[in-house]
Each structure stands twice: as structure tokens, then as C-alpha cells.
Amino acid sequence: MTGTENSVLKIRLLLLAWFHIRSKPGPPSLVKRLSYKDVKKATDGFKRLVNYSSQGASYMAKFQNGRFAMVKEVKLFEEDDDSFYREVQLLARLHHRHIVRLCGFSVGSKRFLVFENFENGSLKEHLSDPLKTPLNWRTRLQIAIGIAAAVEYLHFFCDPPVYHVSISSSTIMLDENLIPKISDISLFNVAANRVTLPTSSRCSKECTEEGCKKIMFQLGLVILELITGQSSNKGGVDLVEWVKESGFPKSIHKMIDPDLGNNYDQRELNGLLNVARLCINSVDKPRIYTPQILWYLQKKIGIIKKENNFFG
């Protein structure tokens with residue numbers, strides 16, 4: 001990165017911090033409180049299991065009005081209802097094109113969050129399911145830059161910053177226009193088993209160090225999946241080892257997703273691989289800010305020039 005580019009990036013970071021300090025949290029979206037009975041009925045007695053983790057189960061739901069939704073159980077073992085309500089309120093304030101919207105919640109013997117659902121499914125399905133129409137190169141670029149923009153929003157435009165985010169092909173949903181949406185966001189600190197509410201209006205130390213490095217690593221894995229079409233499950237060891245090899249550029253043609261054929265731009269591919277490698281290596285290097293990644297995607301790959309209405 002040249003001296004001029006470094007100066008531009010520093011100015012951007014300063015402007016982001018200034019806008020963050022000056023900005024006020026947006027008003028909460030209209031979030032409906034649902035009864036346990038409603039949630040149970042919509043999930044067919046909790047039989048429509050989609051995913052299960054230490055944080056709780058996720059279910060597909062269909063409510064009486066005919067709308068589909070994703071219901072996520074929230075396990076706050078040591079927290080009272082007030083903490084849960086506070087998380088609902090803060091999650092309801094998240095407004096971004098690339099973040100799944102909170103629609104409702106339920107509290108009682110069990111706690112649930114209800115999010116908008118996308119019948120187009122997850123990014124993982126589109127990369128691995130042979131019955132799905134393969135994603136073209138332009139769409140893959142849009143997914144990469146959309147997720148980077150969402151992470152920048154969570155870190156620099158939310159007060160408090162949100163950094164408990166899981167980014168993977170399984171947690172990135174696609175709408176009818178294949179616009180990506182991050183679906184796994186929480187203020188809940190799983191390790192500490194509590195809701196973490198930083199008081200600083202700037203990205204906290206936890207975020208800019210270990211938290212951000214983890215998110216950057218996850219973003220790098222997703223980019224590698226977009227390029228190769230391969231899964232990064234179980235830590236994505238093979239993909240990580242490949243991109244860290246000194247001679248990996250020579251084997252790109254063997255790793256690129258066969259579904260793409262030759263329908264991709266070599267310059268853009270090289271740029272995207274550089275971003276992925278930067279994200280993966282960030283674990284062992286000084287912290288990398290999300291705006292650096294987004295700036296590189298916009299400036300070096302130049303997708304904004306080609307897709308001027310992408311963020312419209």
C-alpha cells in the first residue's frame with residue numbers, strides 16, 4: 001500500500017470515528033412479542049429444526065399470517081428477562097441492507113428471537129447444492145463486498161459496537177435478488193455467558209483486537225469459499241493451508257470453482273485472493289480494520305464503478 005493510499009485510509013478511519021460519535025442510534029424497528037404457544041405452533045412443535053449449536057437451536061417457522069421466519073432459541077443461562085429485552089431493543093436498531101432484520105421475540109420458559117427468512121436459503125446451499133443455479137462471478141463479488149460493508153457498519157456505525165458476529169456460508173442468507181444478509185449477530189458474549197454492552201462509542205479494544213481478528217478470519221474463509229466453491233467446515237484447514245502457501249498463485253486454476261468455467265475476470269480474482277489472504281493472515285499480524293478490507297474491494301477490484309447501484 002503506497003503512502004497516498006495509507007493517508008486516504010487514515011482519513012477514512014478518522015471520518016468513520018467522527019460520524020460514529022456524531023450519530024445517534026436509529027429507532028427500533030417494530031418488533032412483535034409472540035407467545036410460546038405461537039412459536040411452538042409455527043415451528044410445528046419445534047420439529048422444523050434447521051441448525052443447532054451451543055447457543056441454541058434454530059427453526060423454520062410459518063405463522064398464521066402465512067409469513068415464513070427463522071426462529072432462534074437464545075440461551076442466556078445467568079441472565080434475567082431485562083437483559084434479554086435490552087438485547088432485543090438493540091438488535092431492533094440494526095438497519096443495514098446486508099443484515100437480517102429482527103421481526104419478533106418470545107420470552108418465558110424459553111427465549112426466542114424471530115428474524116425475517118429468505119426462502120432462497122444460505123450461501124452454503126448455493127455453493128454446494130447441485131440443484132441450485134450456480135452463482136456467477138459478479139454475484140460472488142457483490143456478496144463479498146456486501147458482507148464487508150455489513151461488518152464495517154456493525155463496528156463503526158453501531159453504538160455500542162456489535163462484534164459477536166458469526167460469518168460463514170451457513171449464516172449468510174440470500175434474498176430473491178441474491179443480496180447477502182448476515183443472520184447470526186448477537187450482543188451475547190458466549191464465553192462470558194452475559195450480554196456485553198461496551199460503553200465506548202468507538203470500536204472497543206476487544207473488537208479491534210481478538211474480536212475483529214476472528215471476524216476477519218471468517219470473512220477470509222467465506223471469500224475463499226466464493227472463489228473455490230469448497231466448504232470451509234471443520235475450520236477450513238485445507239483452504240487456509242492453500243492460501244498461505246508461497247506458491248499458491250500457481251495453483252489457482254486448479255482451485256477455482258468449476259461452476260464458474262472461464263467466466264471471471266483474472267484481475268478481480270487476484271484482488272479477491274489478496275483480500276482473502278490478508279484476512280486469513282490477520283490472526284498473526286497487527287489488527288486490520290474492516291474499512292481497509294472494504295476500501296481494497298472497492299478501490300482495487302473496482303466493483304463499485306461497475307455496479308453503481310449496488311448500495312442503492
Side-chain angles (χ1 to χ4, degrees), residues 20 25-26 28-29 31 50-58 70-96 98-103 105 107 111-116 122-123 146-173 180-222 232 235 279 282-283 287-291 293:
H20 192 173
S29 301
V31 177
V50 175
N51 185 44
Y52 185 84
S53 68
S54 59
Q55 300 178 48
S58 297
M70 181 68 69
V71 173
K72 293 186 178 182
E73 181 184 0
V74 179
K75 291 185 176 180
L76 301 179
F77 302 104
E78 298 177 1
E79 298 294 334
D80 55 21
D81 287 345
D82 288 341
S83 297
F84 178 66
Y85 289 140
R86 195 171 185 185
E87 172 154 344
V88 168
Q89 183 182 41
L90 289 171
L91 289 177
R93 291 178 179 269
L94 300 181
H95 300 288
H96 194 276
H98 300 292
I99 294 176
V100 171
R101 181 172 59 88
L102 180 69
C103 303
F105 70 97
V107 64
R111 302 182 180 99
F112 298 96
L113 295 174
V114 182
F115 294 92
E116 62 180 331
S122 67
L123 173 60
I147 297 305
V151 173
E152 181 187 61
Y153 166 80
L154 291 170
H155 287 178
F156 289 91
F157 291 96
C158 292
D159 195 0
V162 178
Y163 42 81
H164 296 298
V165 184
S166 176
I167 301 175
S168 71
S169 57
S170 297
T171 62
I172 296 173
M173 309 304 291
K181 310 264 187 178
I182 296 178
S183 68
D184 197 343
I185 298 171
S186 178
L187 300 175
F188 180 51
N189 187 333
V190 179
N193 194 26
R194 60 186 172 82
V195 174
T196 301
L197 300 175
T199 56
S200 171
S201 62
R202 297 186 65 181
C203 203
S204 70
K205 182 178 180 180
E206 179 181 351
C207 169
T208 54
E209 292 182 2
E210 296 306 316
C212 274
K213 286 183 177 182
K214 179 181 177 181
I215 293 173
M216 289 298 100
F217 183 83
Q218 292 176 345
L219 179 59
L221 280 181
V222 168
S232 62
C279 291
S282 68
V283 175
R287 67 194 185 201
I288 296 175
Y289 290 100
T290 318
I293 302 300

Practice prompt. Verify side-chain contact (heavy atoms from CB on, under 4.5 Å) between I147 and V222, making sure each step is shown before the conclusion.
Written response: CA-CA 10 Å; I147 297 305; V222 168; 5.6 Å; no
Show the nearest heavy-atom pair for residues [X] and [Y], with the distance to one decimal.
X: H155; Y: I215; value: NE2-CD1, 3.5 Å
X: S122; Y: S169; value: CB-O, 3.6 Å
X: E116; Y: R101; value: OE2-N, 2.7 Å

Practice prompt. List the steps, then state whether side-chain contact (heavy atoms from CB on, under 4.5 Å) holds for V162 with L90.
Written response: CA-CA 10 Å; V162 178; L90 289 171; over 6 Å; no
Item to complete: Using atom types as modelled and distance alone, determine if a side-chain donor or acceptor of H98 lies under 3.5 Å from a backbone N or O of P180.
Response: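 Between the backbone of P180 and the side chain of H98 there is a qualifying donor-acceptor contact (under 3.5 Å).
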Roughly how far, to the nearest 0.5 Å, is the [atom2] atom of [Y] from the [atom1] atom of [X]?
X: I185; Y: L154; atom1: CD1; atom2: CG; result: 4.5 Å
X: I172; Y: Q218; atom1: CD1; atom2: CD; result: 9.5 Å
X: L113; Y: L102; atom1: CG; atom2: CG; result: 6.0 Å
X: L219; Y: K214; atom1: CG; atom2: NZ; result: 14.0 Å
X: C158; Y: I99; atom1: SG; atom2: CD1; result: 6.0 Å
X: M173; Y: M70; atom1: CE; atom2: CE; result: 5.0 Å

Discussion item. Tell me whether the rings of H96 and Y153 are parallel (<30°), tilted (30 to 60°) or perpendicular (>60°).
Written reply: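 The rings of H96 and Y153 sit tilted, inter-plane angle from 30° to 60°.
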Worksheet item: Who pairs with F112 by ring pair (Phe, Tyr, Trp, His ring centres under 6.0 Å), at least two apart in sequence or on another chain?
Response: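 Ring pair (Phe, Tyr, Trp, His ring centres under 6.0 Å) check on F112 returns F46.
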Item to complete: Sequence neighbours left out, what passes side chain to side chain contact (heavy atoms under 4.5 Å, CB included) with T171? Give chain and number order.
Response: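 Partners of T171 under the side chain to side chain contact (heavy atoms under 4.5 Å, CB included) test: S166, S168, S183, D184.
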